[in-house]
Protein chains: 2
Amino acid sequence: MIMRGTRGKVSATIADVARRAGVGVGTVSRVLNDRPKVGAQTRARVLAAIEELKYVPSETARRLSLRRTQTIAVVSVHLVIPSVIERIHGIERSLTAAGLDMIIRNAETVERRDEVVREIARAGRVDGAIFISVAPQGEGQEEISASGLPVVLIDARRPGVPHIVCDDVEGGRIAGRHLLELGHTRIGFVGDPPSPRLGVRSSRTRLRGVTEALQECALRIDPSHIAEGEHSRLGGQQSARKILSGANPPTAIVAANDTLAFGVLQAARDLGLEVPGDLSVLGYDDIDAADLVQLTTIHQPLRESGTEAVRRLLAAIDGTGKGPLRTVLPVHLIVRGTTGPPRTSL
Amino acid sequence: MIMRGTRGKVSATIADVARRAGVGVGTVSRVLNDRPKVGAQTRARVLAAIEELKYVPSETARRLSLRRTQTIAVVSVHLVIPSVIERIHGIERSLTAAGLDMIIRNAETVERRDEVVREIARAGRVDGAIFISVAPQGEGQEEISASGLPVVLIDARRPGVPHIVCDDVEGGRIAGRHLLELGHTRIGFVGDPPSPRLGVRSSRTRLRGVTEALQECALRIDPSHIAEGEHSRLGGQQSARKILSGANPPTAIVAANDTLAFGVLQAARDLGLEVPGDLSVLGYDDIDAADLVQLTTIHQPLRESGTEAVRRLLAAIDGTGKGPLRTVLPVHLIVRGTTGPPRTSL
DNA sequence: CCAGATGGTGGAACCGGTTCCATCAATCTC
DNA sequence: GAGATTGATGGAACCGGTTCCACCATCTGG
């Protein structure tokens with residue numbers, strides 16, 4: 001048994017307004033959309049009728065007629081990752097300002113992602129989509145590009161699709177240089193699981209930056225000082241333990257994100273290592289909790305990445321200029337308490 | 001210049017399918033909605049036509065026709081509060097499972113809240129709304145209740161509106177008892193700003209629980225050991241500093257949420273107090289970061305509160321039974337490292 | 001003074017679904 | 001075997017906007 005529109009009073013329609021004002025529906029529509037060619041008195045009469053009837057246009061009818069949903073989809077990995085939340089926050093603000101709705105879908109697994117992508121690709125569900133740290137791939141990508149739906153990626157890259165990224169290589173370099181300047185030479189890296197998962201590789205890119213910084217000093221990372229694991233505190237902890245229990249452990253570890261860095265800190269504690277005395281730890285993202293535990297980290301303009309993505313998406317939807325395929329946002333170092341000179345060099 | 005539906009190929013409509021299958025639109029609709037009274041062969045033919053045309057029904061047209069938006073609104077305070085995020089996560093899961101869309105609006109200020117409430121109250125925007133730690137008030141409340149829109153509140157109470165809350169009094173009691181059992185007698189409390197702001201009072205309710213626990217032992221809280229400030233780490237820090245700098249400071253502090261508790265920890269560090277030796281700190285929420293800093297806290301079923309809210313809202317939308325006006329979810333204590341016996345009693 | 005512009009206006013057609021009603025054949029009932 | 005019931009089906013009407021076209025006054029220039 002389905003209940004339909006029975007609740008509340010049925011709101012007035014544009015026809016009611018037209019009748020009340022003694023004009024045609026076309027005229028009311030013109031008034032509503034602030035279009036010219038409406039006499040001053042007529043306009044006043046229509047406005048009065050709208051007021052009296054407490055008329056509010058039906059968004060749904062408008063959408064059907066305009067063939068625009070006024071809604072954009074945000075697809076992200078697990079909704080609890082702090083950096084993702086910050087980005088969504090930026091998106092939300094811009095979208096609201098533009099009078100658009102946002103629906104959120106999360107894609108924790110590859111299967112779920114493909115399902116979500118397919119759903120979105122269906123014509124008419126949304127006017128555009130923003131992907132955060134996920135990118136459509138394979139069949140899903142084909143479907144979505146065939147549908148012509150405007151898409152912008154954040155923290156992900158895919159040939160031919162506009163994307164907003166932070167300068168991950170530079171971030172890695174900055175991290176590496178900071179540790180080098182402190183006197184570290186044995187530097188480790190804890191990252192996300194590698195390749196194919198959800199189509200994002202920022203972890204690897206940051207590693208590349210670190211590597212480059214070391215190369216400038218003719219140093220390199222011992223392969224046994226690199227570990228990759230699940231994007232979680234536990235993952236960071238396990239990776240760090242593996243690295244630190246080796247024969248000649250590093251004196252500093254760069255983590256691909258703050259959550260992993262927290263795990264590294266935990267591992268250090270477990271092993272009785274003092275931070276930063278015995279081990280320096282450097283995170284990435286500068287999420288809220290980083291300040292809490294005094295984590296030195298690379299700050300990314302997370303919220304800005306969201307607003308920028310919206311700007312690009314709206315331009316694509318309106319057909320107003322394409323803009324560059326890639327927008328790179330700057331990052332910078334925030335020194336707190338988890339990095340310092342290595343004990344041996346004191 | 002407005003671009004209309006010009007991008008991508010125009011997708012097939014139900015009429016195209018009907019023509020292709022050589023049946024009427026009514027029949028196609030019946031097949032689509034899995035309704036009976038369709039012959040087996042006819043159904044097969046229709047399905048074949050759908051397949052051939054890659055037909056996907058227009059959600060917008062469906063909504064207009066059904067007079068249902070298949071969308072619900074989630075209104076929350078600041079989108080960065082971790083407990084809010086967790087709740088939204090629960091909501092998102094349930095809603096997706098039910099095939100509904102969710103739009104998120106945040107209401108950081110009273111003005112913004114009223115604006116959002118008004119927007120939502122407009123008939124036809126959404127089928128229902130969930131408020132998290134905010135509640136419509138005043139004119140907005142009237143408008144929304146006049147519109148007959150189903151609403152469920154989480155972590156907020158308003159007469160006559162169904163709401164999901166955790167047992168804040170009991171949580172406060174549990175917190176109080178835990179500290180009493182450890183031997184504390186001078187217990188302080190750091191909470192959110194008091195009354196009218198956004199219409200939520202859980203901070204005060206938790207305080208009441210603590211007070212009750214103390215009363216069971218014929219103790220009470222020294223009024224100078226209570227402080228209320230902004231819901232942020234800084235707020236907690238300032239409140240704690242005020243309390244701890246008094247003449248006869250407490251040996252333990254209960255915070256109304258984990259974020260405030262982090263501020264309290266910071267204040268303790270600033271003042272050179274050892275935790276839990278000189279000061280025990282007890283949080284509330286059990287957010288992710290609580291584990292990170294080994295904060296003893298009261299665990300609330302945050303995600304579950306979201307799923308429960310959706311369950312209630314869907315029931316209200318379908319008109320299926322009203323259910324109780326108030327649903328209270330249980331809480332429990334998680335002992336970690338920030339609480340211990342007071343030094344004086346050792 | 002008249003053809004042609006132009007501002008203002010009404011309303012049909014359309015967007016793409018759902019639903020209800022009329023119709024018709026097949027089966028059931030007594 | 002006539003009348004009633006039931007299953008299957010087509011299609012018009014409807015949901016509530018937007019847009020385009022036809023039409024009517026005015027106003028303008030020649």
Side-chain angles (χ1 to χ4, degrees), chain A residues 1-6 8-46 49-50 53-70 122-125 127, chain B residues 1-6 8-46 49-50 53-70 122-125 127:
Chain A
M1 177 58 119
I2 299 180
M3 299 264 300
R4 310 179 35 206
T6 331
K9 47 189 172 205
V10 186
S11 47
T13 72
I14 198 171
D16 297 331
V17 175
R19 204 172 312 124
R20 176 108 182 188
V23 301
V25 291
T27 304
V28 177
S29 179
R30 262 164 252 141
V31 171
L32 286 173
N33 296 291
D34 258 328
R35 249 183 267 288
K37 303 209 178 185
V38 180
Q41 318 174 29
T42 315
R43 164 167 274 125
R45 243 182 322 143
V46 170
I50 288 174
L53 295 173
K54 287 184 183 302
Y55 166 73
V56 180
S58 152
E59 196 62 32
T60 305
R62 190 145 194 283
R63 287 173 182 179
L64 176 59
S65 192
L66 287 175
R67 298 151 127 200
R68 269 236 203 165
T69 61
Q70 310 282 35
R122 292 174 173 183
R125 290 282 294 183
D127 290 339
Chain B
M1 178 58 122
I2 297 180
M3 298 266 301
R4 311 182 31 207
T6 330
K9 48 191 170 206
V10 186
S11 46
T13 73
I14 198 171
D16 297 331
V17 174
R19 203 172 314 123
R20 177 108 182 190
V23 301
V25 291
T27 304
V28 177
S29 180
R30 261 164 252 141
V31 171
L32 286 173
N33 295 289
D34 257 328
R35 249 182 269 288
K37 302 210 178 180
V38 179
Q41 319 173 28
T42 315
R43 163 167 275 123
R45 236 172 339 130
V46 170
I50 288 175
L53 295 172
K54 287 187 184 299
Y55 166 73
V56 180
S58 152
E59 196 61 32
T60 306
R62 190 146 195 282
R63 288 173 181 179
L64 177 59
S65 191
L66 289 174
R67 298 153 122 195
R68 270 235 203 166
T69 60
Q70 310 281 34
R122 291 174 173 184
R125 291 282 294 184
D127 289 339

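Naming convention: chains lettered A, B, ... in sequence-line order (proteins, then strands); numbering from 1 in each chain. Below, all heavy atoms of this structure are taken into account, side chains as well, without hydrogens, waters or symmetry copies.
To the nearest angstrom, C1' of D:dG16 lies 15 Å from CG of A:L53. Atom C1' of nucleotide D:dC14 and atom CG of B:L66 are separated by 12 Å, given to the nearest angstrom. Atoms CZ (A:R35) and P (D:dT18) sit 8 Å apart, rounded to a whole Å. Atoms CD (B:Q70) and C1' (C:dG16) sit 15 Å apart, rounded to a whole Å. Regarding A:N33, its CG atom lies at a distance of 13 Å from the P atom of D:dC20, rounded to whole Å. One interatomic measurement links the two molecules: CZ of B:R67 to P of D:dG17, which rounds to 11 Å at whole-angstrom precision. The separation between A:I14 atom CD1 and D:dC15 atom P is 14 Å, rounded to whole Å.
When all heavy atoms of A:R62 and A:N33 are compared, the closest pair comes out as NH2-OD1, 3.2 Å. Summarising the geometry of A:V28 relative to A:V17, their closest heavy-atom pair is CG1-CG1, 3.9 Å, with the distance given to 0.1 Å. Minimum heavy-atom separation, A:I14 to A:V25: CD1-O, 4.0 Å. A pairwise comparison of heavy atoms in B:R63 and B:T69 identifies NE-O, 2.8 Å as the closest pair.
How far CZ of A:R45 is from CZ of A:R20: 13.0 Å, rounded to the nearest 0.5 Å. Going from atom CG of A:L32 over to atom OG1 of A:T27 covers 11.0 Å, rounded to the nearest 0.5 Å. In this structure, the separation between CZ on A:R35 and CZ on A:R43 is 11.0 Å, given to the nearest 0.5 Å. B:L66 CG to B:E59 CD: the interatomic distance, rounded to the nearest 0.5 Å, is 9.0 Å.
Between its opening and closing five pairs, the helix from C:dC1-D:dG30 to C:dC30-D:dG1 changes axis direction by 40°, a value rounded to 10 degrees.
Within residues 17-32 of chain B, the residues having any heavy atom under 4.0 Å from DNA chain C are, by residue number, B:G26, B:S29, B:R30. Of the residues in residues 37-46 of chain B, those with a non-hydrogen atom less than 4.0 angstrom from any atom of DNA chain D are B:K37, B:V38, B:G39, B:T42.
The listed nucleotides are D:dG17, C:dC15, C:dG17; the one nearest the side chain of B:P57 is C:dG17.
Residue-to-nucleotide contacts include a donor-acceptor pair under 3.5 Å from the side chain of A:S65 to the base of D:dG17.
Not one side-chain nitrogen or oxygen of B:R62 sits closer than 4.0 Å to the OP1 or OP2 atom of C:dG16.
Nucleotides of DNA chain C nearest to A:L64 and A:P36 differ in position, and the one nearer the 5' end is that of A:P36.
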